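First the structure, in the form of structure tokens, and then the observations on it.
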Amino acid sequence: MTITLTFPDGSKREFKQGVTGVEVAQSISEGLARNALAIEVDGEVRDLARPITADAAIKILTWNDRGGKAAFWHSSAHLMAEALEALYPGVKFGIGPPIENGFYYDVDLNGRPFGEEDLAAVEKKMVELAKKASPFERRNVSKAEALEYFKAKGDPYKIELINDLEDGTITFYQQGNFVDLCRGPHIPNTGFIKAIKLLNVAGAYWRGDEKNKMLTRIYGITFPKNKELEEYLRMLEEAKKRDHRKLGKELELFAFSDKVGQGLPLWLPKGTILRERLEQFMRRAQVRAGYEPVVTPHIGGKELYVTSGHYEKYGKDSFQPIHTPDENEEFLLKPMNCPHHCEIYKVKPRSYRDLPLRLAEFGTVYRYEQSGELHGLTRVRGFTQDDAHIFCRPDQVKSEFVRVIDLVLHVFKSLGFENYTAQVSLRDPNNKEKYMGEDELWDRAEREIQEAADERGLKTVAVKGEAAFYGPKLDFMVKDALGRSWQLGTIQVDYQLPQRFELEYIGADNQRHRPVMIHRAPFGSLERFVAVLIEHCAGNFPLWLSPDQVAVLPISDRFNDYAQLVYDKLKEQDIRGLLDLRDEKITRKIRDAEIKKIPYMLIVGEREASEQKVAVRRHGQGDQGSVRLDDFVKDFKEACAPPA
RNA sequence: GCCGAGGUAGCUCAGCGGUAGAGCAGCUGAUUCGUAAUCAGCAGGUCGUGGGUUCAAAUCCCAUCCUCGGCUCCA
């Protein structure tokens with residue numbers, strides 16, 4: 001009996017029925033067989049050792065394939081579990097999946113503390129076990145047998161997992177003495193795992209539920225070669241240098257103060273320049289796109305949020321209301337700008353001809369975030385949204401949505417963000433009580449968002465359960481230096497607020513109609529955007545954003561007068577910079593300016609002063625030769641213009 | 001909020017029961033210099049905060065605040 005296997009290049013070959021992945025790999029080349037980790041059979045990743053029984057499209061997976069890496073790291077998690085069991089008998093296991101970079105295993109150490117030294121010990125044990133090259137053996141077990149095994153072993157988490165599984169679909173994997181409930185697939189044996197690094201320990205709730213017991217999560221990463229591990233660790237080091245919290249401090253962009261309060265950023269002068277440039281850029285883009293700026297207060301009466309529904313949803317675990325001394329009024333720090341904007345809408349009757357009405361505001365909002373959640377500028381308790389609310393007719397929703405997508409893409413492009421993902425954030429269908437509003441409107445909003453995104457050719461991923469409580473969203477996600485994903489821009493369709501605020505417009509039919517709202521913020525928040533921007537460009541901001549654009553550096557104090565003249569000339573032209581009159585050598589002044597990541601350095605000495613020139617040096621690029629001061633200014637003015 | 005790890009000079013960090021240290025930054029002086037660190041001197045800290053143990057605490061214990069890594073959350 002033979003079967004026909006189709007290879008990724010489309011070629012077909014006959015094999016005997018029951019051929020294994022290893023044999024297929026060997027038939028192609030010794031090298032491939034040596035590097036093969038798993039095999040994809042009709043889209044399903046499997047162990048190499050499993051016989052293939054029918055015609056199929058196959059692909060041998062190696063370290064270079066996503067599926068190969070996943071199997072490798074999944075097997076590494078098992079290896080770690082084996083080591084843990086050897087070192088800490090009685091340890092109970094949760095789940096141990098591969099992740100984007102490496103793997104983790106959640107374990108219950110019965111309250112035993114687990115620290116740095118333990119990581120090193122486990123790592124050592126893993127290396128030892130890996131050397132044995134124990135094969136990963138797959139075995140089908142009945143549900144009863146599976147339960148029996150873990151009951152005997154005393155592992156409540158596995159039992160819980162097995163109870164949720166269907167009899168007949170349960171498999172065990174074993175390597176060495178360690179047996180685990182596992183769907184697989186796994187690499188052939190532990191010998192492939194040559195380089196091992198356990199990264200950190202963290203707490204994690206069993207099944208991700210706050211109400212459950214907290215397990216110890218151990219993160220690690222492994223590689224087939226030591227060199228790759230070294231490279232990875234080097235890359236991590238590099239990424240740390242880009243961390244916005246580090247650069248924010250070094251470049252004096254922002255700071256925090258315990259006295260002001262955690263999560264409440266203080267923008268320093270240089271950071272403020274950066275922020276204000278971004279604001280100006282956005283203001284101009286928005287005016288062009290038909291938005292009208294408005295300004296609203298930082299607090300709002302409690303009733304406003306009762307009406308909007310925010311009070312019911314977040315009131316209890318938010319910053320507590322502010323009370324006035326005599327009248328006993330109650331105000332909330334505004335967590336959102338939309339209720340205020342709804343009230344602006346209601347200032348006068350609206351006609352269908354007035355729509356869409358686009359109200360924009362750089363609105364500073366305050367939200368109580370759990371203390372453990374605060375993170376540099378990316379997660380704070382007070383922040384400024386580049387917010388706007390579009391009030392439109394139902395028939396305008398899609399076209400308005402598309403216009404907003406265009407604006408967001410314009411912003412991302414202008415700032416060089418190319419690696420974003422567009423996420424359609426939908427309701428969790430199993431948890432509908434978390435959301436407000438009728439099914440019909442939700443379905444419609446979800447559909448319209450997807451259609452608008454498709455219209456602009458956006459590649460989107462739909463994620464259930466990520467919607468806001470009042471409506472679905474299109475979120476633009478960007479990764480930080482350490483690979484953590486953050487939401488920047490967001491666009492949200494909302495049928496709820498217009499209802500709650502009883503917003504109306506008079507239609508062409510002379511009847512009252514309800515407008516639809518679109519919430520949108522291309523940056524998301526200035527704080528988070530700046531954070532991601534810092535990491536994106538490693539502190540080397542585009543010229544138009546750079547807090548200091550030019551450093552004027554006289555060779556010695558004999559040329560201070562000319563340097564001052566150059567500096568004044570720049571200032572006249574609104575070029576931002578500093579003048580370094582310190583009694584230091586020019587090499588020193590250059591070094592300091594380079595460290596501050598100032599894009600341009602103008603070095604002036606004898607030669608320049610006598611000819612009204614400046615010697616231009618660019619950050620990271622070195623000496624560019626000298627030019628006439630006037631020419632420099634002219635060229636620079638062009639180069640530092642913000643994107644249109 | 002939860003689990004774990006940390007808070008020592010402006011910054012980066014050493015010290016981990018016996019009277020607070022280094023480098024950089026800062027200040028003063030010397031130096032007048034051509035593309036990534038000139039030399040010397042000085043000054044700078046109630047060791048996050050509050051309790052406790054001890055003859056003696058930065059060091060050990062407890063509490064608390066903040067930071068970091070995750071988890072949960074994220075209008």
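In this text the structure is predicted, and so the values were computed from the model without any measurement. Proteins come first, then strands; the chains are lettered A, B, ... in the order of their sequence lines, and each starts at number 1. What's counted below: heavy atoms across the whole structure, side chains too, no hydrogens, waters or symmetry copies.
Distance check on atom C1': B:A30 versus B:C68 gives 44 Å, rounded to whole Å. For B:C62 and B:U53, the C1' atoms lie 11 Å apart once the distance is rounded to whole Å. Comparing B:C74 with B:G21, their C1' atoms are spaced 44 Å from each other, to the whole Å. With P as the reference atom, B:U67 and B:C27 are 31 Å apart, rounded to whole Å.
The six-membered or imidazole ring of A:Phe93 lies near that of A:Tyr105, with a centre-to-centre distance under 6.0 Å. The distance between the ring centers of A:Tyr345 and A:Phe391 falls below 6.0 angstrom.
Stacking between A:Tyr314 and B:A75 is present: the aromatic ring centre lies within less than 5.5 angstrom of the base six-membered ring centre, and the two planes differ by under 30 degrees.
Between A:His375 and B:G69, a side-chain N or O to OP1/OP2 separation shorter than 4.0 Å is present.
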- prompt: What string of B, S and - do you get for nucleotides 3-14 of chain B, 5' to 3', when a contact is any protein heavy atom under 4.0 Å?
  reply: B--------S--
query: Nucleotide by nucleotide, 5' to 3', does protein get under 4.0 Å of the base (B), only the sugar-phosphate (S), or neither (-) in nucleotides 35-41 of chain B, counting heavy atoms?
result: BBBB---
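Nucleic acid contact for A:Gln487: none, since no nucleic acid atom lies under 4.0 Å from a heavy atom of the residue.
Of the listed nucleotides (B:G1, B:C71, B:U32), B:G1 has the atom at the smallest distance from the side chain of A:Tyr368. Among B:C66, B:C2, B:A75, the nucleotide with an atom closest to any side-chain atom of A:Gln262 is B:C66.
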